[in-house]
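No hydrogens, no waters, no symmetry mates; every other heavy atom, side chains included, goes into these values. A quick note: this is a predicted structure, and the numbers were derived from the prediction, not measured.
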Amino acid sequence: MTMDAATDTFVSHRNLLFTIAYEMLGSAADAEDVLQETWLRWVGVDHATVENDRAYLVRIVTRQALGRLRTLGRRKESYVGSWLPEPLLTTPDVAEDVELADSVSMAMMLVLETLTPTERAVFVLRDVFDVDYDEIATAVGKNPAAVRQIAHRARSHVAARRPREVVTQAASREALAAFQRATETGDLQALLDLLAPDVVFLGDGGGVKQAVPRPVVGSSKVARMILGGLLKVTGWSMEPAQVNGCPALVVRFGGELDTVIAVRVEDGRISGLYAVRNPAKLSHMTEETSLRR
């Protein structure tokens, strides 16, 4: 394979490789670094020995992401406040793939955070990308029987923590529109009616922007915190956006991007609110990212 052919092959699979790395890491910046490492290894391969380009590239990106995931875990230990995945402004077609959108939603990405690195890799490759067990075994350095056990364990772990149902885009948009109306009008009762009694609010400022240092739980606490915080400032606006394949809200102060708000909706009410304010995590909100399975 010539260098041009190798480049064309890599480019044709780039969105898939980025999606795998992002789902494993929850960080677009780290996923981009993993793609660069994958490219460097790909161009050094004897391509005459490669039977399946896609499978080989998936194997490389998985191994690189696993190594990066362990490093990222150490960084999270010293992270200031809650750590949330890096939000992506996604192309409209991502929402059309219901399973893909569900797998990269903020709520699901947080569930994946509770898995071990190997469990996360196996779950993502098998349940999201339908990679066969033999290929996953080669990628993670386990035998196929062990991979099947890991997949079963990870699947059970995820099932116990993920939302009970896949909420439609329309239902999420409706909940977010109601949230926007309540916050813009300062309607405390409307906000209380919208929030689940045990709603959890997580804020990620990364020690750079002000954010709640730990989860806030309960509809009354969350509603009063949100409205109380907004009443203290002026010049803010809120608008809908498509983030990680799901409806979300973007908050601007003085016209500048400040916060991305994603939600978890269950039984028609908001059970999770995730506010990302860390400027280092908002760089992928300026242009759309295409994700692929």
Once side-chain hydrogen bond (donor to acceptor under 3.5 Å, both in side chains) is applied, do any residues pair with [X], and if so which ones, sequence neighbours excluded?
X	answer
D127	R155
S271	E266
Q210	none

Work out which heavy atom in [X] is nearest to a heavy atom in [Y]; give both atom names and the distance.
X	Y	result
L194	A178	CD2-C, 3.8 Å
A28	L88	CB-CD2, 3.5 Å
A29	E86	N-OE1, 3.3 Å
L192	A223	CD2-CB, 3.8 Å
L291	V94	N-CG2, 3.8 Å
L282	V276	CD2-O, 3.9 Å

Please confirm whether the backbone N or O of [Y] pairs with a side-chain atom of [X], one donor and one acceptor, at under 3.5 Å?
X	Y	value
W42	A6	yes
N278	D204	no
K142	I150	no
T138	D134	yes
S172	Q169	no
N244	P87	no
T19	R292	yes

message: Give me each pair satisfying ring pair (Phe, Tyr, Trp, His ring centres under 6.0 Å) with a member in residues 131-189, each pair once, sequence neighbours excluded.
response: none
Mind checking whether [X] and [Y] have side chains closer than 4.5 Å, heavy atoms only?
X	Y	answer
R74	T71	yes
R54	L16	yes
L35	V61	yes
R75	D30	yes

Other residues, nucleotides and ligands only: do more than 12 of their heavy atoms fall within 6.0 Å of [atom1] on [X]?
X	atom1	answer
E174	CD	no
K209	NZ	yes
E287	CD	no
K76	NZ	yes

When rounded to the nearest 0.5 angstrom, what distance separates [atom1] in [X] from [atom2] in [Y]?
X	Y	atom1	atom2	result
S27	E32	OG	CD	9.5 Å
M109	L25	CE	CG	8.0 Å
T62	R120	OG1	CZ	12.5 Å
L72	R70	CG	CZ	12.5 Å
R181	M238	CZ	CE	12.5 Å
L230	E184	CG	CD	9.5 Å

Mind checking whether [X] and [Y] sit in one hydrophobic cluster, side chains of I, L, V, M, F, W, Y counted as touching below 4.5 Å?
X	Y	answer
V58	F129	yes
M285	W236	no
V233	I226	yes
M106	V222	no
I261	L191	yes

task: For residues 97-111, pull every pair meeting side chain to side chain donor-acceptor pair (under 3.5 Å), keeping only residues two or more places apart or in separate chains.
output: E23-S103, D97-R293, E99-R293, D102-R162
field: Short N-O contact, R269 and D198, less than 4.0 angstrom
entry: no
- request: Could you give me the CA-CA distance, side-chain angles and deciding distance for E288 and Q242, then say whether side chain to side chain donor-acceptor pair (under 3.5 Å) is met?
  value: CA-CA 9 Å; E288 294 179 340; Q242 198 74 9; over 6 Å; no
- request: Show the numbers, then the answer: is there a side-chain contact (heavy atoms from CB on, under 4.5 Å) between L89 and V250?
  value: CA-CA 10 Å; L89 184 67; V250 170; over 6 Å; no
- request: Consider only side-chain N and O atoms of S220 and R224, and report whether a donor and an acceptor are under 3.5 Å apart.
  value: yes
- request: Give the ring-plane orientation class for F18 versus H284, where under 30° counts as parallel, over 60° as perpendicular and anything between as tilted.
  value: parallel
- request: Just say parallel, tilted or perpendicular for the rings of Y79 and W83, cut-offs at 30° and 60°.
  value: perpendicular
field: Candidate pair L257 and R252, rule side-chain contact (heavy atoms from CB on, under 4.5 Å), full reasoning
entry: CA-CA 5 Å; L257 175 63; R252 300 183 186 277; 3.7 Å; yes
query: Of all residues at least two apart in sequence or in a different chain, which pass the side chain to side chain contact (heavy atoms under 4.5 Å, CB included) check with L176?
result: P247, L249, V263
